[in-house]
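Reading through the structure tokens given below for one structure.
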Amino acid sequence: RTLTKLKILNLDNNGVADVPAEVLAECVSLHTLSLHQCPITADVLQSNPAFAGFEQRRQRKYTKALQGGVLLGKRGLDEGVDRN
């Protein structure tokens with residue numbers, strides 16, 4: 001059974017080194033995935049075969065927020081993964 005209504009998944013400060021493609025593909029409402037302070041890298045996440053579909057949902061969500069005049073934090077749009 002998939003979590004089709006899951007919208008936000010916060011896994012900050014865990015040992016997450018990879019995200020199963022099923023999570024990105026089958027959690028069809030997921031638009032926010034936070035992996036700060038985890039060993040996973042942006043390159044690993046982006047190489048996931050299901051990342052493109054997740055990224056489309058994420059961009060739709062945040063484009064709508066930006067068009068609606070939502071203020072961003074000091075660091076701009078948070079991509080959910082740390083970049084060194």
Side-chain angles (χ1 to χ4, degrees):
R1 176 164 257 203
T2 60
L3 300 171
T4 58
K5 294 183 180 186
L6 180 68
K7 295 180 180 182
I8 299 170
L9 181 56
N10 184 335
L11 298 170
D12 292 349
N13 299 306
N14 282 288
V16 177
D18 196 14
V19 175
E22 295 81 14
V23 170
L24 298 179
E26 295 176 13
C27 295
V28 295
S29 296
L30 183 65
H31 57 65
T32 302
L33 175 62
S34 189
L35 297 160
H36 294 293
Q37 303 301 314
C38 290
I40 191 170
T41 65
D43 291 338
V44 169
L45 184 60
Q46 291 170 350
S47 69
N48 187 307
F51 180 79
F54 165 73
E55 179 64 5
Q56 286 177 342
R57 291 190 303 272
R58 188 182 80 83
Q59 285 183 4
R60 274 195 308 266
K61 160 78 171 141
Y62 290 104
T63 298
K64 183 190 284 186
L66 290 172
Q67 289 173 344
V70 172
L71 296 175
L72 297 176
K74 294 178 186 175
R75 293 179 15 191
L77 181 60
D78 186 352
E79 294 179 302
V81 67
D82 296 326
R83 293 186 180 271
N84 295 332

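In what follows, every heavy atom counts, from backbone to side chain, and hydrogens, waters and symmetry copies are set aside.
- With sequence neighbours left out, the side-chain contact (heavy atoms from CB on, under 4.5 Å) criterion links I8 to H31, T32.
- Rounding to the nearest 0.5 Å gives a distance of 8.0 Å between CZ of R57 and SG of C27.
- Atom CD of E55 sits about 11.0 Å away from atom CG of L33, to the nearest 0.5 Å.
- To the nearest 0.5 angstrom, L45 atom CG is 7.0 Å from F54 atom CZ.
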Side chains of residues 13-25: which donor-acceptor partners sit under 3.5 Å, not counting sequence neighbours?
from: N14; atom 1: ND2; to: L11; atom 2: O; distance (Å): 3.1
from: N14; atom 1: ND2; to: D12; atom 2: O; distance (Å): 3.0

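- We find the CZ-CZ distance between R58 and F51 to be 6.5 Å, quoted to the nearest 0.5 Å.
- Listed by chain and residue number, T2, V28 satisfy the side-chain contact (heavy atoms from CB on, under 4.5 Å) test with T4 (two or more places apart in sequence, or in another chain).
- We find the CG-CG distance between L3 and L9 to be 9.0 Å, quoted to the nearest 0.5 Å.
- Between atom NZ of residue K7 and atom OG of residue S29 there is a gap of 6.5 Å, rounded to the nearest 0.5 Å.
- Qualifying side-chain contact (heavy atoms from CB on, under 4.5 Å) partners for T41, counting only residues two or more places apart in sequence or in other chains: D43, V44.
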